[in-house]
Amino acid sequence: MEKVLLKNMENPNSADINEYKKIGGYKNIPKAFEFQPKEIIEEVKLSGLRGRGGAGFPVAMKWTFASAYPNFPKYLLCNADEGEPGTFKDRPILEKNPHLLIEGMVISGYAIGAEYGYIYLRGEYPHAKDVLNKAIAQAYDNGLLGDNIFNKGVRFHLTVHQGAGAYICGEETALIESLEGDKGQPRIKPPFPVNVGAFSKPTVVNNVETLSNVPYIIEVGSEAYSKIGSQECPGPKLYCVSGHVEKPGVYELPMGTVLRDIIYMHCGGIKGGKRLKAVIPGGATTPILPAEKIDCPMDFVNMPKHGSMLGSGAIIVMDESVCLVKVCYRILKFLEHESCGKCTPCREGTGWLRSILGRIENGEGAEGDIDLLLSVSGNMAGKTFCPLGDGAASVTQNFIKHFRNEFEEHIKRAKCVMRNE
Amino acid sequence: MFNETVLKEIKQISGKYPTTRAALLPALYVAQREFGHLGADAYEAVSDVLGVPKAIARGVGTFYAMYKHKPMGRHIVQLCTNVSCMILGAEKLSDFLKNKYGLEPGGITPDGRFSLVIMECIGACGTAPAMLVNDDFYENLTEKYIEEILEKYK
Amino acid sequence: MITININGKEIKLEKSVTVLEAAKAAGIKIPTLCWHEQLGQYGGCRLCLVEIEKIPKLQTACTLMVTEGMVIRTETEQTAEARRGMLEFLLINHPLDCPICDKAGECELQDLVEKYGAISGRFREKKRKIPESFADPLIVRNMERCVMCTRCVRMCEGVQGASAIGVIDRGGHSHIEPFSGGRYDCEYCGNCISVCPVGAIMSRMHKHSYRPWQVTGKTETICPYCGVGCTLVLQVRDNTIKRVIPRIGSPVNNGLLCSRGRFGYEFVGSKERLTTPLIRKNGVLEEATWEEAISLVANKLSDIKAKSGSDAIAGIASPRCTNEDNYVFQKFMRTTIGTNNIDSTARMGFAGAQAFMENIFGQGATANIISGLANSDTVLVVGGDPTTANPIFGLQVRACSRKGGNILTVGQMKGLEYFNPVKADPFLYTEEVLLEGIVTALIGKKGLPGANLTLEAKIKDINTSLDDVEKKCGVPAKELARFVDILAASATPALLIGKEIVQSSGASYKLLLLSAINYLANGRIYLLSERSNEQGLLDMGCAPDLLPGYRPVASAEFRKRYETLWDTKLNEKTGLTIFEMMDAASRGSLKALYVMGENPAFNLPNSSAAATALRNLEFLVVQDIFLTETAKLADVVLPALSWAEKDGTFTNMERRIQRVRKAVNRGGMEDWRIISDISKNMGVKLNYADTEKVFHEIAAVSPLHRNLTYEDIEDGHAIYPYKGEPLRDVMEEILTSKGKAARSTGKLYLRIERPLFHSGTLSTKAPALVKIYSRAVARISAETAASLSLDEGDIVRITTKAGAIELPVSIDKAADSSTVMLTNNFEGQGAYSLMEYTIDPVTKTPVLEGVEAKIVKMTGT
Ligand SMILES: Cc1cc2nc3c(=O)[nH]c(=O)nc-3n(C[C@H](O)[C@H](O)[C@H](O)COP(=O)(O)O)c2cc1C
Ligand code: SF4
Ligand code: FES
């Protein structure tokens, strides 16, 4: 498959506008401007593009709502918060291919009727911030951003907004709060951002990777685009693989590539020839899969059928040496740290789960602790304000579901069974 | 209070947003740079420029992990210990930092050179374990490599 | 029309509301913690989870909007289990200290646990420990008990607009504290206390002194402090006020209070209260019996009347006393004594301004509804910060801004600083030019409407360009142009006028300009009113020229009507104003003065001169609850009852008549009863069985109050003229006199500060308010401080022509460098004692402008 998102990555100057132009960059903006905004939305709809931020929401649908809502100005926000543990797929685009994103945002902004764009960049990516700011400055110099792009009367301004270390700001309404200068706590929906979003105006939030697909759709047309990947979820996908594989990294593959193939064909299999124990396929908060359940096509539609989720496509591979109680504990510790504190079950529940898991891992678990974990997570599941708290419940439930034995052993033997003494 | 140059910088930042309030996060970064960490004086300064009540500014500031609320070393070592880094040995590295440099999470070395912050995922999982020193990424860490890296920061 | 089904009950709704509201309308209670009537939805506590048919997950009733055909179940096994789960989460870190928690009995968490039961004992780890914070003198915080509903924070930011507290940190570490982390640097409204569902934020005033269920009386009454007239509920135990709380749904303050209203009640039980009458014997005040005191007063007044005539006697009425007290008092002066010499400190501004405005606009010019202000599209504030003078009214200004309205300010208004005011801040004493500029620009933009020709005749030739304003006032023409544009484009502007304008030089001319602005912009006027019954006292006829209901004494026709009603012969001579009384006293033509609930020796400008005048009287009677500066000079002191000890009515600044009710018992007599006793001793019967009877007579006499009864007043919506006749429609010629703008650069001028926590004498007898604001300070600018090498807290001597006092300085970086600000609240340190004044020829209001002050640093302190 031709590289769409990771094109030209080997070029050390790939972030420079001239290098980007050399490989055909920015041609799709004038091409897009030949069409009516509505036609572009239609094209994106036909392409079948779904959001790459985790939820897989059809992109054209969001765009239609926002463009139809009669309130101005409108905003396009790029979600570059990439906080889901295990995820590092947006970073190469941000650091090495920023113009692809800018091009995508100009076209998307035009389609929606958004005159202002912000890239909400996580604070942990200081390098990306410099790269983006430089790229944006170049784009302004080249008339690709501003009040009258390509003399077509199209106006689009773009600013990088740096987050400050809060995973929840990846959630789109929390992101908006944070952009507005508030704590990143999710908002009540409805109203949805497409109607009342940033600064109370219609707002579209899309992931970096999502927006970076747009120029290509314009370039080759929806028909050709939709032939890539799986039928329900077409297009290229960035899978970022970490953990115990020979060749970890970001892979651009057709959507729907089977998880086993990613691990064994593309990433060279398990590191050091060890045995695979489990995989977290879509970022730390997606349900864990035991080694025998990895024959699943990695897309938004098929993963749920196989008991997990595509999430951000962050594949964490764990070999036989890994203690899963500890991993579960670490994820809960993360979620406890990141809980925004707005709703009761998440604020109190994540910490409680973490502490029970901690004592089990430390060999201080008691009989009944597993049931307690299930009961507490049951009291959270489906009752939290946003998916973060739900995720905490689901992580706990899924680890126990697949590896209950390991938890029981920890309790029975009053120590971590995976630790070498 | 900020000096004129900084005031201008913040004014310029806030010009990029439809409301001055939206400049709060960037302004807090500026304040952190100017004051070293966000104490009462830093919040008061930000409150004065942006017209955001100081209790609100402080509430927002303390929500985010990257704003520091106590004095930090000259260089901040930010070690990731989230899942991918953890399973590839980040904890050992954290022990190493403690034993070799006396660096404990949240602490500061007696010479004021380093502070250690334990990070959630920093997006370098493919090259784990990883850390940031100030704004620089370091990946595929080993104890030896860490020694080399820290040498560069005086 | 939407039809839904809740718990099997079919319900029809006009429009879509939340499930919670729909259930409430159907009489079904859904448990909530974070939701609050005044604060709306938040969705955080997750206690309101309900089952909705066809939606798999439980939904929060407080956020979900109903849709046609929705089937809702609020109490099922599933919802109960979910709620028990939430309660368990809330309790794992909550201390089980209900037995010693003052909230027990009115704790929403406790009630919920009682209803749903709690799962307990499953949390084996250590509870979160956060020590209780007593860093603040009035508010105690116990964050272990906090359930993070954030009601307090939302109240503080979203309603009160003080934004003094915030949620610090996040997740499980979240906790609520003021900016300092310890002491509150806030407006001390205490509204956070009101909304806290648990015992996390509480008042220290009654800590461990009683339990909510031990309250023996709950009396709804009106606040004794300012002219807003907030409803208070006084909770009493052992005949002592234990706590003051607001009531949601009350017409003016709807569940909100300010610091004075909430914390300022302790003066009632003060040990300094007067208990027995005092009579001066051999130069000292000695305790006496009521009989002695009353017959002495009656005899003395009769003597003086016989010897020197009725007009040698005068009375000062009280803006802190009820309508009934004031009515009886003026009737006593007019009938028993036979003089129109009755006035009050309303002459310091409110009376003059009101009369002036009404002369221009006719009746009702200043009777606009307080709660309506928030709906204005623009609010223009001049001459005083409403957020300190009338705090609850100030909240309406903030609410207006929050709703998207424009706030325009002339002069500094600290309490509005965070509400995006468009400011015109002229040099000291140059408001006149600024206002002229606004009038000129408005005429230029909108033309003269042609409706009020008398007014137009006075303003049509004003011609002050924005450039002139820039030159003379220092307000950039561009900024003022924006200011005027906003005003001109407003459809429903409101104009708020504070005392500083009315007490300035050329006040009448400035009031004319403000009237013109109001007229040209088609606005509504609000006059800030500092005392609780300033309006009512004027309504009752406590003015030298006006009979009850504002009927002029000078009119024979009106006099005749009152003579019939009162069965007496009225003096036709207009009486003396309060300032004229002081002059007459020092000249010796005034022999006797009867002061009811007022403290002229402290509250009048150049108060030391006033004190001298009072000393010159042959006979001074003071009726008060404290031995005030004035009472100390009296020949007879009569102890009165405070507002909490008596019945009656107050009339607030929007002319809403409200019931004051007795909450505690105290021996002694109400002001009106003392007066009628004296009158009886003088041979004129002013007999009333109770205040309702007095009011009955008021309703018969005052055309404004015609036929009004206590019953009508009961519901809180009696705004006059309720059933009565309109005020009057007589327009007199509009007289004005211009000011002199007396200011030279490099000089310091003394100005009165009106702090939020104090107003007059009363508040300084309330220990809680003294704790927050404990002493007088001289507020100066950083510039002044630097030029005099002064540091915060240095003691300085401030000297004016009228006198000198020593005070610590407080440096305020935002202060005007040509002023020194003093409050008038603390005994022996009153700012008024330093104020020389002249009287505005038109409004008869004192001009407190251009008082030069010198500051010298005191060494060795
Ligand atoms: C807790 C939480 C964290 C999230 N973090 C991210 C993130 O880091 N990056 C991202 O693009 N989307 C994230 N999302 C998804 C966003 O809410 C949103 O769906 C996405 O930005 C939409 O963009 P898309 O339609 O292009 O996927 C997160 C969602 C939740 C609930
Ligand atoms: S589930 Fe609740 S507390 Fe957790 S992050 Fe979402 S809103 Fe915040
Ligand atoms: S009342 Fe609905 S979530 Fe708190």
Side-chain angles (χ1 to χ4, degrees), chain A residues 164-169 173-174 182-191 200 333-356 358-359 364-366 368-369 371-373 375-386 388-390 392-393, chain C residues 16 18 33-35 40-49 55-60 62-65 78-79 81-94 109 119 121-128 146-150 153 157 166-176 404:
Chain A
Y167 163 65
I168 188 63
C169 291
T173 60
D182 219 319
K183 296 164 190 280
Q185 290 187 316
R187 285 183 181 172
I188 292 167
K189 289 187 276 194
S200 307
K333 191 169 161 213
F334 163 73
L335 292 172
E336 177 193 19
H337 185 253
E338 300 301 334
S339 169
C340 79
K342 174 165 184 162
C343 73
T344 306
C346 173
R347 182 184 65 246
E348 306 294 337
T350 48
W352 193 3
L353 291 177
R354 186 266 307 143
S355 75
I356 303 169
R359 70 180 187 235
E364 291 153 14
D369 271 356
D371 290 335
L372 183 57
L373 284 172
S375 167
V376 171
S377 49
N379 283 343
M380 297 168 69
K383 302 176 192 78
T384 57
F385 191 96
C386 86
L388 188 148
D390 248 345
Chain C
S16 182
T18 61
L33 268 183
C34 66
W35 180 89
Q41 56 184 30
Y42 179 67
C45 74
R46 318 306 282 174
L47 273 157
C48 64
L49 291 168
I55 305 184
K57 288 210 278 183
L58 296 178
Q59 300 291 311
T60 42
C62 68
T63 60
L64 186 71
M65 302 297 282
Q78 207 194 347
T79 61
E81 194 187 318
R83 286 173 199 155
R84 252 193 313 277
M86 293 311 140
L87 291 170
E88 183 186 26
F89 284 133
L90 290 174
L91 290 175
I92 58 175
N93 280 305
H94 191 95
L109 183 63
I119 323 162
R122 306 205 298 173
F123 185 72
R124 295 206 279 119
E125 0 296 297
K126 278 209 189 85
K127 286 185 189 258
R128 208 162 30 231
C146 174
V147 290
M148 287 309 296
C149 63
T150 70
V153 177
E157 184 179 6
V167 178
I168 302 302
D169 294 339
R170 74 173 178 222
H173 298 283
S174 311
H175 59 284
I176 286 151

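Here is how names work: the chains are called A, B, and so on, in the same order as the sequence lines, proteins then strands, and each is numbered from 1.
Taking Gly378(A), Ala366(A), Pro345(A), Gly368(A) one by one and counting their heavy-atom pairs under 4.5 Å with chain C, the maximum is reached by Pro345(A). Looking only at heavy-atom pairs under 4.5 Å with chain A, the residue among Met148(C), Arg124(C), Gln59(C) that has the most is Arg124(C).
Contacts of Arg187(A) with chain C are absent, with no heavy-atom separation under 4.5 Å from either backbone or side chain. No part of Lys189(A) comes within reach of chain C, as not one of its non-hydrogen atoms sits under 4.5 angstrom from that chain. Contact of Ala381(A) with chain C is not made at all, since no heavy-atom distance falls under 4.5 Å. Of the atoms belonging to Val167(C), heavy atoms from both backbone and side chain fall under 4.5 Å from chain A. Gln41(C) touches chain A through backbone and side chain together, each having a heavy atom under 4.5 Å away.
In plain terms, the two heavy atoms of Leu90(C) and Arg347(A) that are nearest each other are CD2-NH2, 3.7 Å. Scanning both residues, Lys342(A) and Tyr42(C), for their nearest heavy atoms gives CE-O, 3.1 Å. Taking both residues in full, the closest heavy atoms of Met86(C) and Asn379(A) are given as CE-O, 3.6 Å, listed atom of the first, atom of the second, then distance. Looking at every heavy atom in both residues, Gly341(A) comes nearest to Ser174(C) through CA-OG, 4.3 Å. Closest approach of Lys183(A) and Asp169(C) over heavy atoms only: NZ-O, 4.3 Å.
Arg170(C) has its side chain out of reach of Ser339(A): every pair of non-hydrogen atoms, C-beta onward, lies at least 4.5 Å apart.
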- prompt: Where do Phe89(C) and Lys383(A) land on the side chain to side chain contact (heavy atoms under 4.5 Å, CB included) test, with the steps shown first?
  reply: CA-CA 12 Å; Phe89(C) 284 133; Lys383(A) 302 176 192 78; over 6 Å; no

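By the salt bridge (charged side-chain N to carboxylate O under 4.0 Å, His left out) test, Arg128(C) is found to be paired with Glu348(A), residues two or more places apart in sequence or in another chain being considered.
Salt bridge absent: Asp371(A) and Arg122(C) never bring a charged side-chain N and a carboxylate O closer than 4.0 Å.
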